[in-house]
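What follows is one structure encoded as structure tokens, with my remarks underneath.
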Protein chains: 2
Amino acid sequence: MKNKEIQEQRMRGYFLDAARELLKAEGLRSISVRSIAERAGYSYATLYSYFKDLNELIFLCVQDFYEECKSQVLQSVQRKEKGIRRLKASVRAYADFFIQYPGIFELFFIEKIGNATNKKQVLALIRHSLDNVCEEDWHYCMSQGLLPADSIGLMKSQLRHTVLGLLLLYLHRDVPASYADFVSQLNIAVNAIVDDTFSGAATATKQTTVNNALISVRIGNNK
Amino acid sequence: MKNKEIQEQRMRGYFLDAARELLKAEGLRSISVRSIAERAGYSYATLYSYFKDLNELIFLCVQDFYEECKSQVLQSVQRKEKGIRRLKASVRAYADFFIQYPGIFELFFIEKIGNATNKKQVLALIRHSLDNVCEEDWHYCMSQGLLPADSIGLMKSQLRHTVLGLLLLYLHRDVPASYADFVSQLNIAVNAIVDDTFSGAATATKQTTVNNALISVRIGNNK
DNA sequence: TGTATTATTTTAACGATGTTAATTATATTT
DNA sequence: AAATATAATTAACATCGTTAAAATAATACA
């Protein structure tokens, strides 16, 4: 009974394709069981023969969108030389992807995910999407000693949260007012994180490059 | 005809109170014209005699919630001495407010605001909420030279975006898994921004102006 | 005070939404 | 070709925001 599976997967594909097209073109707000089914060429109730509910269907789009995001980022930096400049460009390209498709941003970071069968995997994919998209850059910078290894974890977190906050404010709160200002703010933030995080340690690391214990001294005050 | 205005304001208050209670207790998801009206003790259609639509009503709650947020932050740090430690505590208290009321977080940063009469003011209030809540701390740190004046703008942006990204991931993507981990990540992020942003300048300032300096040494290796 | 007018509140209704049950159409098997 | 299993569609329900019509309450005037 292999035919059954093939046909079922094909049917799921029709609905998934329709959902993805709608999501990219119209965003999450204007997606519905009926709009998806109409685009797929079936009645709305047919959808429930192939998916548990609408939530499961739309979160099955995440994997595909992630791959599209990754390939778009890789393509936008493929001509650049590896290094910190390319790392920064990858982060910018990642942000640009969500500017281009605000509906995918909402799907990735806003829409509550109910009880999808693979909820944990989807969450992990989303959580590490920026890190994974920049994987090559991180690996290169670390192996070449361009960045101190023990601060890379912090830098990844900082970038993740900063990009997320910037995108949320721009897409949902019109801050800043123009795309040019958004790019400007993003650049400033990325530079501050990559160039200035543990800047003392970073400088030292550059000088001695690799293989030695890295000591970073942080000075705070308790008053 | 002053009575007319008084009575109208009172009526609006009934609905606003109901909306605020629901928002704090149940969140944005379970708020509706009918649930608000029921709690206010009127029929659902009566709401439209006092508000243009549901959007206008719920965004009129923002002002009130902002003030509640501010007073809660101020109260939580009122016993602390002014300075960088209190600044950090204010940021944490700000984040805690939204952890306590996830519905208010969604209202402030996620829910699309349509065409409210005072849309611009509401957006400005939201955009600067963290800065304003910490206003006293920023002013003190700057006037005392605890922080370099020319990096405060960057620090504010960094804090705003980082706190927003952290909250979004924690409230909507279960990352990190526990509240304790969230607080830990928030502390790391805040420390990195406040202590290490332009660390050269910041360090110099600290050494000359602060009584006791706490030096923490972190040792890692990079291979 | 009793009626006419105005203001206020409620009920009915519309078009969408997600989802399920009943019904029809299609394909498979005997 | 008839009986059965599978797939797809229509009907229906409860919810949502919103508007129009109906009912109630308050006020003004005689």
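Letters A, B, ... are given to chains in the order of the sequence lines, protein chains preceding strands, and every chain is numbered from 1. Side chains included, hydrogens not; waters and symmetry mates left out as well; all remaining heavy atoms used.
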Answer yes if the side chains of [X] and [Y] hold a donor-acceptor pair under 3.5 Å, and no otherwise.
X        : Y        : result
B:Glu111 : A:His172 : no
B:Asp96  : B:Tyr101 : no
B:Asn191 : B:Lys88  : yes
B:Ser32  : B:Tyr44  : no
B:Gln63  : B:Gln121 : no

Using whole Å, report how far [atom1] of [X] lies from [atom2] of [N].
X        : N      : atom1 : atom2 : value
A:Glu111 : C:dG18 : CD    : P     : 11 Å
A:Glu5   : D:dA7  : CD    : P     : 13 Å
A:Met11  : C:dA27 : CE    : P     : 13 Å
B:Tyr14  : C:dT8  : OH    : C1'   : 15 Å
A:Leu28  : C:dG18 : CG    : P     : 11 Å
A:Arg12  : D:dA8  : CZ    : P     : 14 Å
A:Phe15  : C:dT19 : CZ    : C1'   : 14 Å

Is B:Lys82 salt-bridged to B:Asp137, cutoff N-O under 4.0 Å?
no
At 10 degrees resolution, what angle do the end axes of the helix from C:dT1-D:dA30 to C:dT30-D:dA1 form when each is taken over five base pairs?
30°
In terms of the angle between their ring planes, are A:Tyr170 and A:Tyr179 parallel, tilted or perpendicular, with boundaries placed at 30° and 60°?
tilted
What string of B, S and - do you get for nucleotides 9-20 of chain D, 5' to 3', when a contact is any protein heavy atom under 4.0 Å?
BBBB---SBBB-
Touch check for B:Tyr50, heavy atoms < 4.0 angstrom, all strands: base, sugar-phosphate only, or nothing?
sugar-phosphate
Which distance, rounded to the nearest 0.5 Å, do you find between the CG of A:Leu167 and the CG of A:Leu186?
7.5 Å
Donor-acceptor under 3.5 Å (A:Thr162 side chain, A:Leu159 main chain)
no
